[in-house]
Amino acid sequence: MKVLVPIKRVVDYNVKVRAKSDETGPDLANVKMAINPFCEIAVEEAVRLKESETAQEVIAVSIGSNACQEQLRTALALGADRAILVETELEVEPLGVAKLLKAVVEKEQPDLIILGKQAIDDDSNQTGQMLASLLSYAQGTFASEIKIEGDKIDVTREVDGGLQTVSLNLPAVVTTDLRLNEPRYASLPNIMKAKKKSLDTLTPEELNVDASPRIETLKVSPPPERAAGVIVESVDELVEKLKNEAKVIT
Amino acid sequence: MSILVVVEHDNEELKGATLNTVTAAKEIGSEIDLLVAGFSCDSVADQACSIPGIGKVLVANKESYKNFLAENIGTLVSEVGKGYSHILAAATSNGKNFMPRVAALLDVSQVSEIISVLSEDTFERPIYAGNCIATVKSSDPIKVITVRATGFDDCEVEGGSATKEIVDLDSNLGISSFVGEELAESDRPELTSADIVISGGRGMQNGENFSLLEGIADKLGAAIGASRAAVDSGFVPNDMQVGQTGKIVAPNLYIAVGISGAIQHLAGMKDSKVIVAINKDEEAPIFQVADYGLVADLFEALPELESKL
Ligand SMILES: Cc1cc2nc3c(=O)[nH]c(=O)nc-3n(C[C@H](O)[C@H](O)[C@H](O)COP(=O)(O)OP(=O)(O)OC[C@H]3O[C@@H](n4cnc5c(N)ncnc54)[C@H](O)[C@@H]3O)c2cc1C
């Protein structure tokens, strides 16, 4: 089987992003960029499917500027076989990304598409579901375990109440949650090997997709600040303050 | 302008997150219908009818909607939603699952997890783990929106008399099926709607030690939450994770115990009214958002706290 893994280049999860002082957007000057952590889990899962000989080929795909090549090389170093960049300088919304990915799916005909459940920059949590919908595929979102049997996949999902398992017809879309696996680190030899793997570039025009945005960001502002707190000296003082000052317990 | 709110429920009870979503809908406009999609969900439809200020309660009662499979529900909602200017659902794991399918089928973008309504087409939503608030304006003819419960108060639940209308659509795509579920059983209040939440992190060391939190939770009527590290380490189940990629909570009182305060954790609790942090490391970032910080070993502080409540 063939597995497609869409990945996103985002600000590293350790960076605390602030709004620009003129509120025109987030201040991303000189911040460290990385592969979205949920996408990394997706790559890991696909590579494990290959290692267990369930999958024969793993293709990583990213949509964005030329700089995304860096994250695609990371995916290749983690074990993906080849990569595709759909290159665009424009900001693409999840719907546009899903449309571009649909075009890639139609070209590549994968049996399974594994994506991260959300990107940690815009926290939209939409792309996998939209892609599945556009393709009329079933979806297993927020996956903590997958099992492939014949032409079906069982997906255990992390839901608000606990865990839920669904069975989906393949081809299908899976989105990853944190407990699906623990991604490996790329070894130096694999980083070197990744440089030689194939990385093709396509454009939205070549895929004949209109990915223009529907949502305009009017401003990006800092969240309301919390007033400074105090350090209490003892449990007694804490209980006293919660009762008499904050009045949140009786 | 007319708004469709998709009701969150379990075929028996209407869930609290629906009430915040209705409040968000009321801030957008006054013509609001509710959709109850499920199976043997009459009691939910009745509860929906008693919410004041609702026009119609549309009821799609089919076996294919019993387990809320996104494929089937998404198709149904996109069909029913065609006649509306806005479609809203709570940003629960269920809402997040089917709503993007609705948006894609209608060829519109989705606005995820709004925390406030500025006008019928302009909303605020957190980005970058809540470190920035984006004001976004949608130009789509139908606005598909998920609502973050902590951004809106509950609406009233009694006094309404909406009329029920049957929707006879069976959108069974037949590409997915429900296998089973393991749902957490608890007598405690639900994490996302509790007045008081006490959460444990890696500092708790193991699952057994969470009993130190339980004694306090029992006394305070609190829900128990956790950091990602506590869930990943297997101390507690995934449904207890608070944070950017877990549950978003904003109780009156949040007590973080043995939690360092990573940005991803803060994203899920920093809108709580009062925050208490108990941590032995005075440098821990959690103290920067805490109203009351106690620098202490949790294994000494928790038993003392329980005894003094
Ligand atoms: C993609 C992604 C998504 C994430 N999503 C989330 C999320 O939704 N929610 C979340 O919580 N995290 C999330 N994280 C993880 C987050 O970055 C942190 O790793 C995590 O929150 C740390 O958990 P912790 O504070 O329990 O553990 P640590 O950071 O290890 O902190 C443990 C704390 O316990 C204190 N401690 C230890 N022993 C004691 C004692 N005896 N008495 C008192 N204090 C003690 C220590 O001083 C320390 O401050 C995410 C990370 C990524 C990359």
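Below, chains carry the letters A, B, ... as their sequence lines are ordered, and counting in each starts from 1.
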Fill in: Check against salt bridge (Lys or Arg N to Asp or Glu O under 4.0 Å), A/Asp177 and A/Lys117
CA-CA 6 Å; A/Asp177 215 317; A/Lys117 77 164 179 179; 3.2 Å; yes
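Looking at A/Val159, both its backbone and its side chain come within 4.5 Å of chain B, counting heavy atoms on both sides. Of the atoms belonging to B/Leu191, not a single heavy atom falls under 4.5 Å from chain A. For B/Lys247, the part lying under 4.5 angstrom from a heavy atom of chain A is the side chain only. Both the backbone and the side chain of A/Leu218 come within contact range of chain B, each with at least one heavy atom under 4.5 Å from a heavy atom of that chain. With a 4.5 Å cut-off on non-hydrogen atoms, A/Pro223 touches chain B through its backbone and its side chain both. At a 4.5 Å heavy-atom cutoff, B/Glu190 makes no contact with chain A through either its backbone or its side chain. Residue B/Asp107 touches chain A through both its backbone and its side chain, counting heavy-atom pairs closer than 4.5 Å. Using a 4.5 Å cut-off between heavy atoms, A/Arg214 touches chain B through backbone and side chain atoms alike. Both the backbone and the side chain of B/Leu305 have a heavy atom closer than 4.5 Å to some heavy atom of chain A. No part of A/Ala98 comes within reach of chain B, as not one of its non-hydrogen atoms sits under 4.5 angstrom from that chain. Only the side chain of B/Leu220 comes within less than 4.5 Å of a heavy atom of chain A; its backbone N, CA, C and O stay farther away. Residue B/Gln264 touches chain A through its side chain alone, counting heavy-atom pairs closer than 4.5 Å. In this structure, chain B has a heavy atom under 4.5 Å from the side chain of A/Leu28, while its backbone stays farther away. Within the 4.5 angstrom heavy-atom criterion, atoms from both the backbone and the side chain of B/Ala184 approach chain A. Heavy-atom distances place no part of A/Thr156 under 4.5 Å from chain B, backbone and side chain included. The contact between A/Ser136 and chain B is made entirely by backbone atoms, counting heavy-atom distances below 4.5 Å. Heavy-atom distances place both the backbone and the side chain of B/Gln110 under 4.5 Å from chain A. Both the backbone and the side chain of A/Tyr13 come within contact range of chain B, each with at least one heavy atom under 4.5 Å from a heavy atom of that chain. In this structure, no portion of B/Ser78 lies under 4.5 Å from any heavy atom of chain A. Contact of A/Glu216 with chain B is made through backbone and side chain together, with heavy-atom distances under 4.5 Å. Interface residue A/Leu238: only side-chain heavy atoms are found under 4.5 Å from chain B. Heavy atoms closer than 4.5 Å to chain B are found in the backbone of A/Glu233, but not in its side chain. Contact annotation for A/Val15: only backbone heavy atoms (N, CA, C, O) come within less than 4.5 Å of a heavy atom of chain B.
To the nearest 0.5 Å, atom NZ of residue B/Lys270 and atom OH of residue B/Tyr254 are 13.5 Å apart. Between the CZ atom of B/Phe98 and the OG1 atom of A/Thr141 there is a distance of 11.5 Å, given to the nearest 0.5 Å. A/Arg184 CZ to A/Glu40 CD: the interatomic distance, rounded to the nearest 0.5 Å, is 11.0 Å. B/Leu76 contributes atom CG, which lies 11.0 Å from atom CG of B/Leu173 (distance to the nearest 0.5 angstrom).
With chain A as partner, the option from B/Ser176, B/Ala91, B/Gly180 having the largest number of non-hydrogen pairs under 4.5 angstrom is B/Gly180. When each of A/Glu225, A/Lys243, A/Arg157, A/Glu23 is scored by its heavy-atom pairs under 4.5 Å with chain B, the top score falls to A/Arg157. Contact count against chain A (heavy-atom pairs under 4.5 Å) is highest for B/Val276 among B/Val276, B/Thr146, B/Val295. Ranking A/Ala132, A/Ala138, A/Ser144 against chain B, the residue ahead of the rest is A/Ala138, based on heavy-atom pairs under 4.5 Å. Of all the listed residues (A/Gly162, A/Ser167, A/Gly229), the one sharing the greatest number of non-hydrogen pairs under 4.5 Å with chain B is A/Ser167. Taking A/Val11, A/Leu242, A/Leu170, A/Asp154 one by one and counting their heavy-atom pairs under 4.5 Å with chain B, the maximum is reached by A/Leu242. The candidate from A/Leu131, A/Val220, A/Leu134 with the greatest count of non-hydrogen atom pairs under 4.5 Å with chain B is A/Val220. When the candidates B/Ile263, B/Asn94, B/Thr75, B/Asp121 are compared by the number of heavy-atom contacts under 4.5 Å with chain A, B/Ile263 comes out ahead. Comparing B/Asn238, B/Thr122, B/Ile127 by how many heavy-atom pairs each has under 4.5 Å with chain A, the most go to B/Asn238. No other option in B/Glu124, B/Glu181, B/Met99, B/Gln244 has as many heavy-atom pairs under 4.5 Å with chain A as B/Gln244. Most heavy-atom pairs under 4.5 Å with chain B: of the set A/Val235, A/Asp236, A/Asn125, this distinction falls to A/Val235. Counting heavy-atom pairs under 4.5 Å between each of B/Cys132, B/Ala70, B/Gly221 and chain A puts B/Cys132 at the top.
For A/Lys107, the NZ atom is loosely surrounded, since the number of other residues' heavy atoms within 6.0 Å does not exceed 12.
Every side chain to side chain donor-acceptor pair (under 3.5 Å) that B/Arg148 has, sequence neighbours left out, goes to B/Glu113. With sequence neighbours excluded, the residues that form a salt bridge (Lys or Arg N to Asp or Glu O under 4.0 Å) with A/Glu237 are A/Lys241.
A donor-acceptor contact shorter than 3.5 Å links the side chain of A/Gln109 to the backbone of A/Glu106. Side-chain N or O atoms of B/Asp140 include none that pairs as donor or acceptor with a backbone N or O of B/Lys143 at under 3.5 Å. Using a distance-only test at 3.5 Å, with no hydrogens or angles considered, a donor-acceptor pair links the side chain of B/His265 to the main chain of B/Val242.
For the residue pair B/Arg101 / A/Gln139, a side-chain donor-acceptor distance below 3.5 Å is found, with atom types taken as modelled. Checking A/Asn169 against A/Lys152 by side-chain atom types alone, a donor-acceptor pair falls below 3.5 Å. Side-chain contact annotation: A/Arg9 with A/Gln71, donor-acceptor N/O pair under 3.5 Å present. For the residue pair B/Ser109/A/Glu93, the side-chain donor-acceptor check at 3.5 Å is satisfied. Residues B/Asn67 and A/Gln164 have side chains that never bring a donor and an acceptor to within less than 3.5 angstrom of each other.
Salt-bridge annotation for A/Asp122 and B/Arg125: absent, with no side-chain N of the basic residue lying under 4.0 Å from a carboxylate O of the acidic one. Here B/Glu306 does not pair with B/Lys219 in a salt bridge; the nearest charged N to carboxylate O distance is not below 4.0 Å. Between A/Asp210 and A/Lys99 there is no salt bridge, since no side-chain N of the basic residue sits under 4.0 Å from a carboxylate O of the acidic one.
Within the 4.5 Å cutoff, side-chain heavy atoms of A/Val97 are placed close to those of A/Leu101.
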